[in-house]
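All values reported here derive from a predicted model rather than from experimental measurement. We count ligands from 1, going down the list as the structure has it; atoms in each ligand are counted the same way.
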Amino acid sequence: MSNSLLPPSPTVRRGSTRRRAASNVPPMQDSHHGALQAIRSFLKGRICYDAFPISFRLIVLDTKLSVKRALQCLLMNSVVSAPLWNSDKSEFAGMLTVLDIIHLIQYYWRTSSYDSASEDVETLRLEKLREIEIELGVAQPPLLRKHPDNTLYEAAQVLVQTHARRLPLLDYDSDTGHEVIVSTLTQYRLLKFISINAKIQKLNLSLRRLKIGTYVANPSPNDVPEGQNPYHPIATATLNTTVFSVVHMFSELAISAVPIINEDGIVVNLYETVDVMTLVRSGSYQSLDLTISEALKQRSLDFPGVVICTASDSLGTLLQLIKKRRVHRLVVVEGEEEERKGGRKGRLLGIITLSDVLRYIMGAGTINETHEPRQTQTPAMSVPSSNVLASPANLTTPNA
Ligand code: AMP
């Protein structure tokens, strides 16, 4: 497989006096657009098999398994989702994801006590989860699938259109007549594959300009009348919020992380759906009454950290980071540029998830045509060894 995104080398016409037609597009933007087009063509020319890692493990869970054992299995194998198999019908039965666990918590909150929930989870089988979701009235996850021979472009389109974070890849065994679960293509895997193969350094326009992500609507949150969320539409919490309130936000807003801010709006941490999974693994649903501050103390020591960036960082820098490490979302904070306009360094400005990045790359984004200063190629996102959120544009592992 070729690892290059470069189009075939153009034939150089030596000695030609013909000049290229003048372009109205500034060079920086020209190169950015060119790189984007190259990525899309590349995805059309590669199939899902191409993006598979050299070696991988696939955990498939039988729908007869209890929720508790399934959770233990996910945690033991350090995965946050797994395809489900209906052994009665010998067919693929969808995915178990952390969102199912969030829904389960909501269900127990509405219908019974946490004590009985802990007992139920011992016996409740995965096949019952869909019924619970129907009873809760939450959207049923669509039964997505693609053949691994489909192009990455087609797979990416499905991910963008359905807002799914992963796409199960299924083949068909002609001997048995049954489906075969081959793998799952995650947003992360796809973006990492792009980052490895694309000329990402050419994606030099800033996140601000590309409008990738969700941003605070009010430019001066301090002036927002009391009782209103100054960081709307971003859902936020403080260290004193209970885990349970955050679980509600996850479920109601269909989001998977909530920035934790202090009274000045400075980002001090991020609480994610996977954190809830760690908390309920022991079946101790009482732990949902903990405050975020207490819950964060239970985070495993190998927690990879919260990634923060500023809106001046470029898409290329972001993809560079994805290439190097498993990143699922970044919190955007105010940087020097906002500070010059009366803002405050480190204050919450937005959130960018892999869905936002993929949506933009696949062509669902727009470019703000206003002029902006040239970006440096030095990544503004870095990895300090300290365990506090010392300054914006730093990637840290806060366990506050
Ligand atoms: P996700 O499903 O996590 O990729 O996020 C779906 C969409 O919600 C993306 O467009 C995010 O920018 C946005 N989003 C993520 N977290 C939050 C949050 N805490 N508040 C508001 N929007 C969010």
Could you tell me whether some N/O pair between Ala257 and ligand 1 is separated by less than 3.5 angstrom? yes

Below 4.0 angstrom from a heavy atom of Ile234, which ligand 1 atoms are there? Numbered from 1 as shown, please. 20 (N), 21 (C)

Would you please determine whether Arg165 falls within less than 4.0 Å of ligand 1 on a heavy-atom basis? yes

Output the list of atoms in ligand 1 that are nearer than 4.0 Å to some heavy atom of Ile351, sorted by atom number. 12 (O), 14 (N), 15 (C), 16 (N), 17 (C), 23 (C)

Could you tell me whether a side-chain N or O of Asp264 sits under 3.5 Å from a main-chain N or O of Ile266, the two making a donor and an acceptor? no

Select one of side chain, backbone, both or neither to describe which atoms of Arg359 lie under 4.0 Å from any atom of ligand 1, heavy atoms only. side chain

Run the numbers for me: atoms of ligand 1, each under 4.0 Å from some heavy atom of Ser355, listed by number. 1 (P), 2 (O), 4 (O)

Within the 4.0 Å heavy-atom cut-off, what Pro259 brings close to ligand 1 is side chain

Region of Ile255 engaging ligand 1 - heavy atom pairs below 4.0 Å: side chain

Does either side chain, that of Glu91 or that of His178, offer a donor lying less than 3.5 Å from an acceptor on the other one? no

Do His32 and Lys202 make a side-chain contact, defined as non-hydrogen atoms from C-beta onward lying under 4.5 Å apart? no

Which of the ligand 1 atoms, numbered from 1, are nearer than 4.0 Å to a heavy atom of Ser256: 3 (O)

With a 4.0 Å cut-off, would you call Arg344 and Glu338 a salt bridge? no

Looking at ligand 1, does any of its N/O atoms fall within less than 3.5 Å of an N/O of Asp356? yes

Could you tell me whether Lys128 and Glu131 have a side-chain N and a carboxylate O separated by less than 4.0 Å? yes

Is Gly350 close enough to touch ligand 1? Criterion: a residue heavy atom under 4.0 Å from a ligand atom. no

Should Lys44 and Glu154 count as an ion pair when the cut-off is N to O under 4.0 Å? no

Can you find a protein heavy atom under 4.0 Å from atom 11 (C) of ligand 1? yes

May I ask you to check whether over 12 heavy atoms, not counting those of Lys89, lie within 6.0 Å of atom NZ? no

Quick one: which ligand 1 atoms are inside 4.0 Å of a heavy atom on Pro233? 20 (N), 21 (C)

